[in-house]
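One is the number of the first residue; the rest follow in order along the sequence.
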Amino acid sequence: MARSGRSGTAGKKPVSGRAGRFLVGGPGRRTSLMRVSVLGLVPALALGVAIGGFTQIRADEPSILHAVAADTQFTLSGHGNGHGRGMGQWGAYGYAKNDGWSGERILSHYYGGTVLDSLPPAQMSVRLTAQDNSTLDVYSDAGLVVNGQRTAPGEAAHLTALPGGGAQVVVTSGCGGGVVWEAVTEHPWVDPVDLSPDRPADQFLKLCNNDAPYRGALGVVLDNGSARTVNLLDMEDYLLGVVPVEAKAEWADSGGAEALRAQAVAARSYAATEHRSSYADTCDTQDCQVYGGAGKEDPRTTEAVRSTAGAVLSRDGKIVATEFSSSTGGYSSGGEFPAVEDLGDALSPNHDWTVNLTAGEIADAFDVGELQSLKILSRNGFGTDGGRVTAVEVVGTDATVGATGMQFRQKLGLKSDWFTVGDGAGVVVAPDSESTVPESNSPSDDPSGTVTETQIEKKYRELGGESGSLGAPAGPEMQLPSEAGTFRVYENGTIIWTKVLGAQVVDANVLREWIPTGGS
């Protein structure tokens with residue numbers, strides 16, 4: 001997955017307004033009656049979540065401020081895997097396999113406003129993060145070159161970075177054998193016997209600790225006193241170790257070869273814009289784009305790289321950072337490139353997903369004490385449910401924390417920032433249409449045309465209304481399962497009405513023990 005700190009609003013369209021029913025209501029609002037999941041009653045109202053895909057919740061929308069039990073379960077339903085910017089890899093596969101799109105058409109779909117361009121021969125320097133804080137211990141079946149001297153096949157070179165840019169070199173017989181010679185060098189690199197690109201496998205340099213092979217040269221450097229290992233190699237050689245770990249080589253066997261070609265161009269363009277540090281252009285993890293070295297190469301992705309050799313995407317004559325992610329969920333997120341619908345993503349195993357979280361996990365992630373309120377404040381407007389979450393507020397007994405949808409995703413380990421709080425334990429199910437409860441508790445018109453109050457409203461008035469012990473209403477009246485009755489939640493409790501009980505006050509925290517579980 002390619003990542004970048006870039007952001008933008010290109011292609012963003014305004015969120016259209018839509019009518020809907022909020023499940024958190026202010027005092028004095030006209031009540032409406034809705035079916036709910038009883039198990040989900042307390043958590044969803046207490047969290048003040050946006051139900052039914054609202055693109056925005058008013059900042060002044062009141063919510064219950066009782067602490068939610070730490071083990072209360074909440075179900076989040078989402079779409080996609082990753083940041084969603086640029087190309088969706090599963091979508092590219094879907095378009096290639098099901099619609100016969102070429103790699104070029106796939107690229108033009110996801111990277112609007114760009115054109116195909118060419119890159120002159122170039123090199124990449126890659127920080128091998130698994131080697132951080134280690135010496136470089138390396139050998140080659142064909143021998144290698146260090147400090148200007150060629151070693152015999154199988155001899156190993158051991159380099160320790162020194163302040164000032166040089167290295168201590170020790171050459172041994174095999175990785176663990178006796179010392180053959182040692183020196184201090186100003187050139188802290190181990191080179192293959194031939195530095196030309198696309199060399200045979202016996203010339204690859206291999207790490208002593210795991211035999212992992214690498215094309216090109218390997219060197220050491222100190223980064224603020226910490227040892228780093230860098231792989232310097234030709235751009236096309238580099239891509240041979242990127243595409244098979246960023247995409248799936250087996251896609252070529254099921255009609256997806258063009259998706260691999262699109263991936264090769266995107267990876268090349270992204271790499272060409274990388275300049276992460278003074279000693280390395282990029283790294284080998286998802287923080288940059290994943291690189292596995294020569295040991296991960298596959299003939300099917302090698303063909304994709306070679307058939308697109310030198311091809312990049314540019315805008316106004318400049319190569320662009322073509323970010324990509326595993327799965328858009330059906331709509332890319334916009335930013336540097338216009339947001340587009342991604343029908344190809346239907347093949348993704350993460351096109352739709354659900355995850356259960358507890359109130360305690362949410363509270364701990366944001367260090368707010370006991371959870372009182374979670375509000376989804378805004379979305380980007382692209383796709384179903386209002387699109388990706390752009391702003392969230394988490395309120396607890398100790399603190400209130402605002403976060404972007406991406407920060408919320410990262411804190412809680414979600415697959416993407418496109419999610420809603422949906423059906424299941426711990427949520428309220430918003431109905432498709434309003435419904436009525438048994439007539440004996442429904443507001444009705446008397447002969448004079450005056451709207452009478454419900455039994456719950458009557459009970460609330462008798463208890464002093466908003467100035468009484470229950471405080472202000474925190475939601476509208478809603479139906480119980482199987483139309484058994486209705487309830488309404490207030491700041492300090494809940495009034496429930498059934499034919500058997502009449503109107504009674506109960507604590508919201510024990511409501512689930514009073515009513516059998518169920519939903520409609």
Side-chain angles (χ1 to χ4, degrees), residues 21-49 51 61-74 359 370-374 395 397 425-431 434-444 451-520:
R21 293 178 300 279
F22 288 93
L23 296 187
V24 182
R29 178 174 296 168
R30 177 69 175 169
T31 59
S32 60
L33 303 175
M34 294 176 270
R35 299 179 183 272
V36 298
S37 164
V38 171
L39 278 179
L41 167 65
V42 177
L45 290 179
L47 289 181
V49 295
I51 304 296
E61 199 70 22
S63 61
I64 294 178
L65 295 182
H66 294 307
V68 181
D71 61 353
T72 300
Q73 288 276 333
F74 298 92
E370 294 181 86
L371 187 65
Q372 293 179 314
S373 172
L374 167 64
V395 179
T397 55
V427 297
V428 171
V429 181
E434 295 186 3
S435 60
T436 60
V437 296
E439 291 182 356
S440 57
N441 190 55
S442 297
S444 60
V451 178
T452 61
E453 61 188 0
T454 66
Q455 294 299 314
I456 287 178
E457 289 172 333
K458 179 181 178 181
K459 185 68 172 181
Y460 179 57
R461 176 175 54 78
E462 292 172 351
L463 293 172
E466 189 171 334
S467 60
S469 60
L470 290 177
E477 288 188 22
M478 289 177 282
Q479 265 191 352
L480 298 172
S482 304
E483 298 187 350
T486 57
F487 65 90
R488 189 174 190 183
V489 177
Y490 300 84
E491 289 178 339
N492 302 313
T494 300
I495 300 177
I496 184 173
W497 177 90
T498 70
K499 290 182 179 179
V500 176
L501 295 175
Q504 299 286 336
V505 177
V506 299
D507 191 305
N509 292 324
V510 299
L511 182 61
R512 287 177 292 177
E513 300 176 9
W514 280 63
I515 308 299
T517 61
S520 56

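Glu462 contributes no side-chain N or O that, together with a main-chain N or O of Lys459, makes up a donor-acceptor pair within less than 3.5 Å. Formation of a donor-acceptor pair under 3.5 Å by the Tyr460 side chain with backbone atoms of Gln455 is not found in this model. For Glu491 (side chain) and Ala472 (main-chain N/O), a donor-acceptor pair under 3.5 Å exists by modelled atom type.
With contacts defined as side-chain heavy-atom distances shorter than 4.5 Å, the pair Thr454/Thr486 does not qualify. Counting only heavy atoms from C-beta outward, the side chains of Thr397 and Gln372 approach each other to under 4.5 Å. Looking only at side-chain heavy atoms (C-beta outward), Val505 and Leu463 come within less than 4.5 Å of each other.
One finds the CG atom of Leu371 at 9.0 Å from the OG1 atom of Thr72 (value rounded to the nearest 0.5 Å). In this structure, CD on Gln504 lies 11.0 Å from CD1 on Ile456, to the nearest 0.5 angstrom.
With sequence neighbours left out, the side chain to side chain contact (heavy atoms under 4.5 Å, CB included) criterion links Ser469 to no other residue.
For the pair Ala359 and Ala69, the tightest heavy-atom approach, listed with the atom from each and the gap, is CB-O, 3.4 Å. Taking both residues in full, the closest heavy atoms of Val489 and Thr494 are given as CG2-OG1, 3.7 Å, listed atom of the first, atom of the second, then distance.
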